[in-house]
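In what follows, a single structure is set out as structure tokens and then discussed.
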Amino acid sequence: MPEHAISPTRVQDYPEWYQQVVKAADLAEQSPVRGCMVIKPHGYAVWERMQGILDGMFKATGHQNAYFPLFIPLSYLEKEAEHVEGFAKECAVVTHHRLELGPDGRLIPTGKLEEPLVVRPTSETIIGAMYAKWIQSWRDLPVLINQWANVVRWEMRPRVFLRTAEFLWQEGHTAHATREEAVEETLRMLDVYATFAERDLAMPVIKGPKTAGERFPGAVDTYSIEAMMQDGKALQAGTSHFLGQNFAKAQEIKFAGQSGQEEYCWTTSWGVSTRLIGAVIMTHSDDDGLVLPPRIAPTQVVILPIHRTDEERTAVLDACRVLERELAATTYAHEPVRAKIDARDMRGGDKVWQHVKQGVPVRVEIGPRDLASGAVSVTRRDRPPKERTSVPLAQFATEVPQLLGEIQQGLFEKARAFRDAKSARLATQADILDFFAEAAGKGGFAHVHVADDPAVTALLDPLKVTVRCIPMEGPDEPGNCAVTGRPVPRASVLARSY
RNA sequence: CGGGGCGUAGCGCAGUCUGGCUAGCGCGCUUGGUUUGGGACCAAGAGGUCGAGAGUUCGAAUCUCUCCGCCCCGACCA
């Protein structure tokens with residue numbers, strides 16, 4: 001057998017490795033429709049974990065879920081000029097509402113719609129139209145709503161999870177009486193995303209505002225969390241937008257203030273998508289397949305019975321069930337430990353490798369020898385696949401929360417160390433050119449002072465590098481732009497990106 | 001949409017240049033047996049409109065044209 005379960009390896013061919021991991025872990029596959037993916041049960045289970053945690057965080061910050069239509073009247077999208085411009089190129093449009101059987105047996109779209117409907121690429125416009133009706137008084141504010149939905153953006157170059165024509169996401173849309181409140185909301189939700197990414201996905205992120213060119217169409221400010229993938233590229237893992245009064249003015253979202261005057265609302269929107277699954281894959285996985293952080297692993301501990309004879313089978317399975325119950329009664333991250341017995345009738349090696357490739361954090365084997373010695377064999381996904389330790393059975397269940405915590409923490413620290421090792425503080429234009437030279441092992445995050453200026457873009461464009469964000473943590477450290485020499489208050493993060 | 005590569009069984013591929021027996025191989029799958037603490041072995045079997053359509057030909061996976069899809073690199077994006 002090859003040395004690794006995944007071929008090619010990361011260093012051999014990173015994009016192909018990514019696709020092979022998705023396939024080996026049985027997360028998703030290509031659909032008959034270009035750019036769309038079928039999310040398979042294991043992939044969807046990971047998404048459900050993410051949804052569950054995020055949804056709890058949204059509720060805890062005062063939001064409610066609702067659902068708005070998939071179809072948006074074309075005229076709605078036309079209302080905000082920048083918004084139109086940003087999304088026009090990638091919209092799926094519904095123009096007919098009936099099919100008729102043609103003479104050659106083919107179905108022909110008929111029943112032309114008076115007004116074409118756009119399949120939502122995002123829902124600012126339709127939600128704004130509803131908010132305009134719902135909001136009359138300052139007493140109606142704030143409106144804090146989230147929706148879990150699918151959206152469609154007709155992308156030119158799709159990649160599973162990272163950029164698909166249709167994807168699943170959540171979009172929060174809020175309306176406030178004051179600018180301050182809306183800005184506060186924007187930053188609060190950015191923090192929610194950053195906490196979720198770091199605590200649950202074990203994925204270190206950099207928070208910060210985007211430059212004008214990278215802003216959401218129609219937003220006043222866009223903030224993102226940026227993560228580094230194992231090829232040194234940046235991935236925008238979540239965004240939070242302060243929309244100012246742009247959409248409110250375009251859509252007449254107004255309210256009567258406390259002194260009776262009519263004012264426009266201040267709105268925000270924020271979202272994360274199934275792209276996060278891609279982010280997790282590219283942050284933690286190795287040449288043996290997927291590696292899942294315990295907090296989002298659908299199964300945290302898989303119990304593998306090992307037996308030959310029927311008597312052994314009975315005894316071993318009994319022990320497995322006892323352990324499964326013990327684990328379910330144990331808690332990690334305020335939830336019962338998710339343990340599962342895999343008693344499928346297949347060869348041990350194949351079964352074990354399946355769980356390796358699917359990223360299950362902990363594998364426990366129980367066989368006759370373990371029963372005799374009162375122990376279990378434990379392997380961790382963050383360690384080499386053949387590194388086994390024997391743990392006294394009585395001890396194992398009580399130690400599992402700590403073990404899962406160690407794995408979770410270890411993954412985060414490993415990812416952070418990787419990112420930091422591939423990050424540098426740069427000062428000059430020559431530094432930038434050198435840092436992003438095509439040589440192997442080069443690239444990553446460059447922290448450098450740059451102005452939001454065409455001269456900077458002109459330097460970065462040929463390098464395929466963009467300003468990812470302007471990190472907002474820590475005090476201002478003024479410096480001079482590496483390109484224009486103009487003073488700027490903070491350094492930016494430059495990187496190639498997905 | 002531009003440049004490059006590819007499309008043959010579930011997966012990975014050979015065969016295509018130079019048209020010709022019934023389209024092959026490895027893995028996987030099914031059944032039986034031997035095995036079993038880390039990707040087993042033996043045997044038997046199932047599985048293909050060779051991406052689609054049109055054309056050339058006595059004959060097309062193979063030649064010609066058109067189309068479709070996938071991957072990589074650009075332009076665009078969560």
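Naming: A, B, ... by sequence-line order, numbering from 1 per chain.
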Any carboxylate oxygen within less than 4.0 angstrom of a Lys/Arg side-chain nitrogen, looking at [X] and [Y]?
X	Y	answer
Arg10(A)	Asp231(A)	no
Arg321(A)	Asp318(A)	yes
Arg381(A)	Asp288(A)	no
Lys210(A)	Glu226(A)	yes

Tell me which nucleotide, if any, is Watson-Crick or G-U wobble paired with [N] when both distances must be under 3.5 Å.
N	value
rU22(B)	none
rG45(B)	rC29(B)
rG69(B)	rC6(B)
rA40(B)	rU34(B)
rC1(B)	rG74(B)

Contact state string [nucleotides 72-78 of chain B, B base, S sugar-phosphate only, - no protein heavy atom under 4.0 Å]: SBBBBBB
B/S/- along nucleotides 28-37 of chain B (protein heavy atoms under 4.0 Å) is -------BSB
Option from Gln64(A), Gln170(A), Lys59(A) for which side chain to side chain donor-acceptor pair (under 3.5 Å) with Asn146(A) holds: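 Option passing the side chain to side chain donor-acceptor pair (under 3.5 Å) with Asn146(A): Gln170(A).
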What nucleic acid atoms does [X] come within less than 4.0 Å of, heavy atoms only: base, sugar-phosphate, or nothing?
X	value
Thr379(A)	base
Gly278(A)	nothing
Lys351(A)	nothing
Lys357(A)	base

Rounded distance in Å between the [atom1] positions of [N] and [M]:
N	M	atom1	value
rG2(B)	rU56(B)	C1'	32 Å
rG32(B)	rC21(B)	P	38 Å
rG55(B)	rA44(B)	C1'	44 Å
rA46(B)	rG5(B)	C1'	34 Å
rC58(B)	rC63(B)	C1'	16 Å
rA23(B)	rC70(B)	C1'	24 Å
rG15(B)	rC73(B)	P	27 Å
rC41(B)	rG28(B)	P	8 Å

With sequence neighbours left out, the residues meeting ring pair (Phe, Tyr, Trp, His ring centres under 6.0 Å) with Trp148(A) are Trp47(A)
If we count only N and O atoms by modelled type, under 3.5 Å, do the side chains of [X] and [Y] hold a donor and an acceptor together?
X	Y	value
Thr174(A)	Thr268(A)	yes
His241(A)	Thr222(A)	yes
Glu171(A)	Ser123(A)	yes
Thr466(A)	Arg468(A)	yes

Rounded off to whole Å, could you give me the [atom1]-to-[atom2] distance for the [X] and [N] pair?
X	N	atom1	atom2	result
Asp26(A)	rG10(B)	CG	P	16 Å
Leu304(A)	rG39(B)	CG	P	14 Å
Tyr14(A)	rC71(B)	OH	P	17 Å

Mind jotting down which residue pairs meet the side chain to side chain donor-acceptor pair (under 3.5 Å) criterion with at least one end in residues 78-89 of chain A? Sequence neighbours excluded, please. none
Applying ring-ring contact (aromatic ring centres under 6.0 Å, His included) as the test, list every pair that has at least one member in residues 267-287 of chain A; sequence neighbours left out.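 Sorted pair list: Phe58(A)-Trp270(A), His63(A)-Trp270(A).
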On RNA chain B, more 5' by nearest nucleotide between Gln20(A) and Ile6(A) is Gln20(A)
Any chance the rings of Phe216(A) and Phe87(A) have centres within less than 6.0 Å? yes
Are any protein N/O atoms closer than 3.5 Å to N/O atoms in nucleotides 6-9 of chain B? If there are, list each pair with its distance.
none

